[in-house]
Number of protein chains: 2
Amino acid sequence: MRIGDVASAVGLSTQTIRFYERRGLLPKPHRDPNGYRTYDPAILARLQFIRNGQGAGLTLLEVAAILELRGEGTSPCTHVRELLSTKLEDVRARQSELVALEAELESLISRSQRLDPADCTDVAVCHIIAPRR
Amino acid sequence: MRIGDVASAVGLSTQTIRFYERRGLLPKPHRDPNGYRTYDPAILARLQFIRNGQGAGLTLLEVAAILELRGEGTSPCTHVRELLSTKLEDVRARQSELVALEAELESLISRSQRLDPADCTDVAVCHIIAPRR
DNA sequence: CTAGACCTTGAACCCCGGTATAAGGTCAAG
DNA sequence: CTTGACCTTATACCGGGGTTCAAGGTCTAG
């Protein structure tokens, strides 16, 4: 597959794929004699993994590190386990934050349905978004 | 109040307040003859509103839009309710992503613990931490 | 042979939410 | 009159995640 095939298969631009390569998320691909990148279809799963991790708040650098471990299955460095454990803690902490934000939003929405818009004052701007109790 | 008074009253830097002004979140303030910004204490409620909006996960652009509606004399309530509902959906989607990522990380950590840790005592051998290949 | 669709590179640019730096003006106290 | 705290502006920078631009090389169909 050439870069354009990969790009359209995963819904990214060719520039983004080259960008990922520069950032170390993708291995350096084979080059045809003309210099074109040529990919094995396995690259698609890798790109999917990148999207998953990224969508959940990992940086590209972190995704790159995880991909190394996942793909190679080699060198289970203590260092790497620490990285993954730290990330896991981060993910759990972020989950808690989002749960709190969810509750806050639910409360604001619920309040917005009980209040009269006429209560909004210029100073407060909008009664829906108000200081936490 | 001068900008420094406002800044310390709300716990922001003076640069941030000027930044908000440039972004259209704050009205252009009165200027003293010497050019200094002078604020009515009502600015504090507006800054509080901005903080609350950010706390609810709104971007500065979204907060600015609400403030602008208010400034035009429109009650922004309906708009705000829609905005908050959309945010709530975003937050829930992100939570699901994080749960999936948590499982992925747990799996990677578990696998890394089954592999032989003695193989990776040398820092240089740990290809994850090593410079880009 | 030429058009056009693909590919290559490097560099510059964009958004977000600020923060930092530089170079200067103003003002009250000592 | 100087010091120091405040204020002004413009401009650059940060990280994170790309996108766009410019200038070219390559391949395939007609």
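Not measured: the values here are computed from a predicted model.
Atom pair B:L12:CG and C:dG18:C1' shows a separation of 11 Å (rounding to whole Å applied). Rounded to an integer number of Å, the gap from CD1 of A:I17 to P of C:dT9 is 13 Å. To the nearest angstrom, C1' of C:dG18 lies 15 Å from CG of B:L61. Put simply, CD on B:E21 is 16 Å from P on C:dG18, counting in whole angstrom units.
Residue A:R2 places no side-chain N or O under 4.0 Å from the OP1 or OP2 atom of C:dC6. Put simply, B:Y20 has a side-chain N or O that comes within less than 4.0 Å of OP1 or OP2 on C:dG18.
Protein chain B touches strand DNA chain D; the 5'-most and 3'-most nucleotides with an atom under 4.0 angstrom of its non-hydrogen atoms are D:dC6 to D:dT9.
No side-chain heavy atom of A:R37 sits under 4.5 Å from any side-chain heavy atom of A:H30. The shortest distance between side-chain heavy atoms of B:V80 and A:L108 does not fall below 4.5 Å. At a threshold of 4.5 Å between non-hydrogen side-chain atoms, the residues A:R94 and A:D90 do not count as touching. At a threshold of 4.5 Å between non-hydrogen side-chain atoms, the residues A:L44 and A:M1 count as touching.
Listed by chain and number, the residues in a side chain to side chain contact (heavy atoms under 4.5 Å, CB included) with B:Y20 are B:L12, B:T16, B:L25, B:L26, B:L47, B:I50, B:Q54, B:L60 (sequence neighbours excluded).
In this structure, the side chain of A:N34 engages the main chain of A:Y36 through a donor-acceptor pair within 3.5 Å.
B:E106 has a carboxylate O that lies under 4.0 Å from a charged side-chain N of A:R92, or vice versa, which qualifies the two as a salt bridge. Remark: A:D5 does not engage A:R2 in a salt bridge, criterion side-chain N to carboxylate O under 4.0 Å.
Within the structure, no pair that satisfies the salt bridge (charged side-chain N to carboxylate O under 4.0 Å, His left out) test touches residues 50-60 of chain B, not counting sequence neighbours.
Annotation: proximity of residues 23-39 of chain B to DNA chain C (heavy atom, distance under 4.0 Å) is found for B:R23, B:N34, B:Y36, numbered in ascending order.
The two residues A:L58 and A:K87 have their closest heavy-atom pair at CD2-CE, 3.0 Å. Pairing each heavy atom of A:S13 with each of A:A7, the nearest pair is C-CB, 3.9 Å. What you find for A:P27 and A:I43 is that their closest heavy atoms are CD-CD1, 4.2 Å.
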Report, one pair per line, the protein and nucleotides 19-24 of chain C atoms (nitrogen or oxygen only) whose separation is under 3.5 Å.
{"unit_1": "C:dT19", "atom_1": "OP2", "unit_2": "B:T16", "atom_2": "OG1", "d": "2.7"}

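Summary of helix geometry: the two end axes of the helix from C:dC1-D:dG30 to C:dG30-D:dC1, each defined by five base pairs via their C1' atoms, are inclined to each other by 30° (rounded to 10°).
Expressed to the nearest 0.5 Å, how far CD of B:Q15 lies from CZ of B:R18 amounts to 6.5 Å.
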